[in-house]
Amino acid sequence: MAAALEHGLDALPGVATGTEVLAARRAGARFFKLFPAGALGTDYLAQLRGPFGAEDFVPTGGIPIAQVGAWLRAGALAVALGGDLAGRTAPRSPEEIEAVAERARAALRQAAETGTGTPEGQDAEA
């Protein structure tokens, strides 16, 4: 984290507890990777936002696409998706690539349904 900040980059330290959020914040973090988010759940993030309402959390680890909206409604800045989006192996055919693209579109639709919108220039229906 220190090396990233030293070079003018934002760090994304992993946190799971309030104590870890405080330590990362004191070290200069502005964003916090909540991990393992799938095991902690959206209620945990909502509770964590009580004392840490000014911090920006990016939950990651074990989050299914169908829960993207729930995480955003719970107060996540963004949601990091891994296996549920990309799969466990690299796509090897145009059909597998299209399947990844469709999962990405589904995640964008989940985000758009929360009222958070999609990144500028992006269309959740694309």
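Residues Met1 make up the rest of the hydrophobic cluster containing Leu5, defined by ILVMFWY side-chain heavy atoms closer than 4.5 Å, directly or through other members. In this structure, Phe35 shares a hydrophobic cluster with no other residue, the cluster being traced through Ile, Leu, Val, Met, Phe, Trp and Tyr side chains under 4.5 angstrom apart. Listed by chain and number, the hydrophobic cluster partners of Leu77 are Leu12, Phe31, Val58, where partners are ILVMFWY side chains within reach of under 4.5 Å, directly or through others.
Considering only residues two or more places apart in sequence or on other chains, Glu20 meets the salt bridge (charged side-chain N to carboxylate O under 4.0 Å, His left out) condition with none of them. Under the rule for a salt bridge (charged side-chain N to carboxylate O under 4.0 Å, His left out), Arg103 has no partner lying at least two apart in sequence or in another chain. By the side chain to side chain contact (heavy atoms under 4.5 Å, CB included) test, Ala4 pairs with Leu9, Ala11, sequence neighbours left out. Taking Leu81 as the reference, Ile63, Ile65, Val68, Val79, Leu85, Ala107 meet the side chain to side chain contact (heavy atoms under 4.5 Å, CB included) condition, with sequence neighbours excluded.
Residue pairs satisfying the ring pair (Phe, Tyr, Trp, His ring centres under 6.0 Å) criterion with at least one member in residues 54-90, sequence neighbours excluded, are listed as follows: Phe32-Phe57. Sorted by first and then second residue, the side chain to side chain donor-acceptor pair (under 3.5 Å) pairs involving residues 81-100 (not counting sequence neighbours) are Ser93-Glu95, Glu98-Arg105. Listed by first then second residue, pairs satisfying salt bridge (Lys or Arg N to Asp or Glu O under 4.0 Å) with a partner in residues 1-17 read Asp10-Arg30, not counting sequence neighbours. Evaluation of the side chain to side chain donor-acceptor pair (under 3.5 Å) test over residues 32-46, restricted to residues two or more places apart or in two chains, returns none. Applying the side chain to side chain donor-acceptor pair (under 3.5 Å) test to pairs two or more places apart or on separate chains, those with a residue in residues 55-64 are Arg25-Glu55.
Listed here is the closest heavy atom pair of Val100 and Pro91: CG2-CG, 4.1 Å.
A continuous path of Ile, Leu, Val, Met, Phe, Trp and Tyr side chains, each step under 4.5 Å between heavy atoms, connects Leu22 with Leu34, placing both in one hydrophobic cluster.
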